[in-house]
J.: 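This is the structure I want to talk about, given as C-alpha cells.
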Amino acid sequence: MKDMEGTKKHAPDKVVFVSNRRIINREAIQNKIKKKYGWTLTIYDQEFLRLHLEAPKNHRFRKNYLGIDYNQDVFTPIDVETKERPLTSAEYGGGAYYREDSLHDEIFSLLEKNGRALVLGGPGSGKTTLLRAVGLEFQKKAPRNSAFYFSAKGNNANEWLNAIQRYDDEYSLFIIDNCHRVIETVNDFIAKLPVVEKAWILLAGRDIDEDTTGTDEESFISSLKYVTKKLTVNDEQIKGILACIVKRKRLEGKEVGHIEKIAEKCQGDLQILNFYANAWADDSTGKTLEEIDEEKMLDNYYRHHLQTVDSKNSRKCLLALLRLAALYQFEIPAQENCIDNSGLLSPLRETGLVIRETKRIGDDSNYTFLSYHHSTPASYALRAASSKGIVSSTQAYTLETIEEYFGEKPTNFFEVFKLLYRNGGEKTQKLLFQRGRVFPLCEEILNESPSDKLKYQLAGIANFLYGVWRWEEKADKGKALELSQLVQNKFTPEAIAAFANDVPFSTLVYFIVFFGKINPAFVKSLWHKLPFSVLGERSRDSGLAVIERFLRLSRQAEVSNENILSFCDGLDFKEFGSLRQWNMLIHNVVNYEVDFLKECIVSTFASIPIKKYEKFLL
C-alpha cells in the first residue's frame, strides 16, 4: 500500500503491479485499489510468469510487460495454430508439433553459429511444421524471445528488411517460408542481409533445380549452402508420426504393417501419409495401414474433405474449388474474378481451406487472388474428384482449367509458366505449348493490354518467351520469335528506357537477360537508350546480385565507361555489406575506372581493410 500511496500523485487511471512472488488474494487487492483510488490494477506475479508465453492468449502480456509489439507490417507472431496452414500439429500430434530432437538441434546449431539457416525439402516434407515448431521452441527458451513468421511473396526485399530491423536483437527469430516462390526477391534479400546484425533468420523453400530459378545468376540456394539442412522423410520420422496418430485416434489395437511399404506410399510427402492414416483409421475390415490402397484413401479423402461441399446445392461451389485446386497443385494463385466471381468459395475461407490475399500490380491497381491451403491436398482433391467421375482425368482437367483461366486474361498470365516450371509442372507447361491455345491468348494480351499495365510484367513476358524458345529448341523461327515481334511493336527501346523511372530495376534487368537471348538485336539497341544515372538510383531497391548481373551484361554489350560511371555514381555503397558480393561487383567493373571504386570503398567502408580488395583493383 506504501507503493500505491507513492503512485497517487501521478493520478493514473491504470496501474501495473509486478511481483516476483505469488499474489494469492489478487482479486481482493484489485477490488480494494479500485474502491480507494479508482484505478484498474493489473497484476503480473510469479504464477503468471510461469505461463507458456507462446500461447496466443498471452500475447497481450508479452506486448505490455516485455515491450514486444506484434503490429508488424510483414511478419506475424508464431501461434500454436494458424488458418493459413490448418493441416499441421492437430493432424499429426494432437496438440503439439511432432518433434525430432536431432533435427531441431541441427537447426538451432546453425542459427547459433551463423545467425542464418536454410531448410530445403520437397512438398509435404514438413518444412512449415518444422519452422513453426522451431519458432515455438525458441519462444520457450526465454521470456523475451519472439518468433515471427512470413510466407514469402511480393518483390520488395526492403519491406522484409525494414520489418526485421525494428527488432534486430538477440531475442528475435524471423522465419521466411516458401522462398522458392520468389527466388529473385530472396536473392536480393540475401545480398542485403548483412545489415541485420543480431536477429536470427530462418528460411525455407523447395529444393529446386537452379536452372529453373529464372536467372543465370547464383541463387540463394547456393549462397546459403553452408547453412542448409535438407529434409528427407525417413522411416524413423514416419514411425514417430504414426505413433502420434495412433495415440490421438486411439488405434492401439490396429496393426500398422511394414514401415518401408508405408514410406513408399507417402512418397516423401507427410500430407499423403496423413491421408492414408485417416483412411486406415476409418477402415473396419481389419486391414493394416500398409494394405490400404489408393482407391480406399481417395474415397476417404472425398468423404471428409469434398462431400460436404458436393451437397445438392453446392455442386457449383465444388467445381469452383476444383478449378482452384487444379491451379494450386503447382502453387499458382488464381485471380478471384477469373475463377470465383460469384463468391462461391467465401464460406471455405472461414475454414482455412481457401486463402484470400490482395496483391498490388504496378503503381495503382490491387487484385485479389485465391489459394488452396497447400499444393498436396489440392492435387489429391482433383484425384479424389476424378475417382468419383466428377471431373475427367486429372491431367486433362488440369490442362482445360488452366486454358480456361488464361481465357480470362488474368494479371498473372505470364507468372503462371514460371510457377509451373518451379513446382513440378514442366510436363504440363510443355503440353500447354503443344496444344497451342496459349499463344493466341498471349497475342491478345500483348495487343489489347495498355502499355502502362504491361510494363510491370516485362520480366514475366520475357521469361515466358524464353520458355517457349527453349521448348522450340532455340529455333531461329517459331512462336517465340513471332511473339517477341509483338513485344517490339508494343514497346520501342525508347519506351522501355523511359520505364526506368517507374518499374523496379530488377524487372528491366530480367527483361534484358531473357529477351536478349531471343532477340539480341533489340536489346543491343536498348543499351544505347538506357538512362544509366537513373538506373543507378533505382537499383537501390535491389540486391548486389542483380546489380552485378547488370554490370556484367553492360561489359558484354560494350557500354561506355561514361555510362558505367554514371550508373555507379547513383549507387548507395553504404547499403552493401557482403564482402563476397563486393568482390563480384568490383571484378565486373574493374576494367572501367578503378580509381572511382577505390574512392567509394575508402569513403564508405573505411573500417574494411582495403587489402581485401587489392587483387581485384590491380
Side-chain angles (χ1 to χ4, degrees), residues 82-88 122-125 127-128 151-154 177-182 205-206 208 269-272 274-275 298 301-302 305-306 309 317-341 343-359 367-386 390-391 393-408 410-429 431-432:
T82 171
K83 285 187 177 181
E84 185 176 353
R85 291 286 190 180
L87 199 64
T88 53
S125 58
K127 298 184 296 297
T128 298
S151 182
K153 53 183 175 288
D177 200 0
N178 299 310
C179 290
H180 60 283
R181 294 179 185 171
V182 285
R206 294 188 182 178
I208 59 177
D269 190 325
L270 299 179
Q271 300 267 4
I272 301 175
N274 191 61
F275 300 157
L298 291 175
Y301 186 92
Y302 174 79
H305 298 279
L306 300 178
V309 182
C317 179
L318 176 64
L319 293 176
L321 182 66
L322 294 175
R323 287 196 298 273
L324 179 62
L327 290 161
Y328 205 72
Q329 62 183 316
F330 305 114
E331 294 198 338
I332 299 168
Q335 194 171 314
E336 185 177 39
N337 65 310
C338 296
I339 201 166
D340 183 36
N341 54 15
L344 294 168
L345 298 177
S346 296
L348 298 181
R349 295 206 299 271
E350 297 297 321
T351 67
L353 189 64
V354 173
I355 302 164
R356 185 176 189 260
E357 66 179 8
T358 301
K359 183 178 179 182
Y367 296 88
T368 304
F369 292 88
L370 301 178
S371 302
Y372 211 98
H373 76 91
H374 192 279
S375 58
T376 299
S379 64
Y380 274 80
L382 289 180
R383 295 173 70 172
S386 178
I390 297 171
V391 301
S393 71
T394 54
Q395 185 179 88
Y397 183 77
T398 295
L399 292 170
E400 291 165 7
T401 300
I402 294 176
E403 288 176 340
E404 179 185 334
Y405 179 64
F406 285 158
E408 298 291 331
T411 57
N412 63 339
F413 179 96
F414 298 105
E415 185 72 14
V416 165
F417 295 93
K418 184 162 59 177
L419 292 170
L420 277 172
Y421 206 85
R422 290 181 179 178
N423 293 290
E426 184 179 2
K427 181 180 178 182
T428 300
Q429 177 176 287
L431 287 171
L432 286 167

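When reading the values below, keep in mind they use all heavy atoms of this one structure, side chains included, and skip hydrogens, waters and symmetry mates. It should be emphasised that the depicted structure is a prediction, and the values quoted were computed from it without experimental measurement.
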J.: Identify the two heavy atoms, one from Ser375 and one from Arg206, that lie closest to each other, and give their separation to 0.1 Å.
T.: OG-NH2, 2.7 Å
J.: Should Phe330 and Leu420 be marked as a side chain to side chain contact (heavy atoms under 4.5 Å, CB included) after you check the CA-CA gap, both sets of side-chain angles, and the distance that decides it?
T.: CA-CA 6 Å; Phe330 305 114; Leu420 277 172; 3.4 Å; yes
J.: When rounded to the nearest 0.5 angstrom, what is the spacing between CD1 in Ile332 and OG in Ser371?
T.: 10.5 Å
J.: Quick one: CG on Leu431 to CD on Glu426, what's the gap to the nearest 0.5 Å?
T.: 11.0 Å
J.: Nearest heavy-atom pair of Glu331 and Asn423: which atoms, and what distance?
T.: OE1-OD1, 3.3 Å
J.: What are the two closest non-hydrogen atoms of Ala385 and Leu322, and how far apart are they?
T.: CB-CD1, 3.7 Å
J.: Under 3.5 Å, is there a donor-acceptor pair between the side chain of Asn412 and the main chain of Pro333?
T.: yes
J.: Do the rings of Phe275 and Tyr301 sit parallel, tilted or perpendicular, given the 30° and 60° boundaries?
T.: perpendicular
J.: Taking C-beta and beyond as the side chain, do Tyr397 and Arg323 meet within less than 4.5 Å on heavy atoms?
T.: yes
J.: Mind checking the CG-CG spacing from Leu348 to Leu318? Nearest 0.5 Å is all I need.
T.: 9.5 Å
J.: Counting C-beta onward and ignoring hydrogens, is there a side-chain heavy-atom pair between Gln271 and Ser379 closer than 4.5 Å?
T.: no
J.: Within the side chain of Ser386, is there an N or O that forms a donor-acceptor pair under 3.5 Å with the backbone of Leu382?
T.: no
J.: Got Tyr367 and Asn337 here, is their nearest side-chain heavy-atom distance under 4.5 Å?
T.: no
J.: Would you say Gln335 and Lys359 make side-chain contact, with heavy atoms under 4.5 Å?
T.: no
J.: I'd like to check Leu321 versus Leu353 (side-chain heavy atoms, cut-off strictly below 4.5 Å). Are they in contact?
T.: yes
J.: On a heavy-atom basis, which atom in Asp340 and which in Ser346 lie closest, and how many Å separate them?
T.: OD2-N, 4.4 Å
J.: Without swapping roles, check the side chain of Lys418 against the backbone of Arg181 for a donor-acceptor pair under 3.5 Å.
T.: no
J.: Where the side chain of Gln329 meets the backbone of Ala326, is there a donor-acceptor pair that is under 3.5 Å apart?
T.: yes
J.: To the nearest 0.5 Å, what is the distance between OG1 (Thr394) and OH (Tyr380)?
T.: 10.5 Å
J.: Taking side chain as C-beta onward, heavy atoms only, is His180 less than 4.5 Å from Arg422?
T.: no
J.: Output the distance between atom CG (Leu345) and atom CD1 (Ile339), rounded to the nearest 0.5 Å.
T.: 7.5 Å
J.: Looking only at heavy atoms, which two atoms of Thr376 and Pro123 are closest? And how far apart?
T.: OG1-CB, 4.2 Å
J.: Quick one: are Ile402 and Phe406 in side-chain contact, heavy atoms under 4.5 Å?
T.: yes
J.: Please round to the nearest 0.5 Å and tell me the distance separating atom CZ of Arg349 and atom CD1 of Ile355.
T.: 11.5 Å
J.: Please report the closest heavy-atom contact between Ala381 and Leu306, naming both atoms and the distance.
T.: O-CD1, 3.6 Å
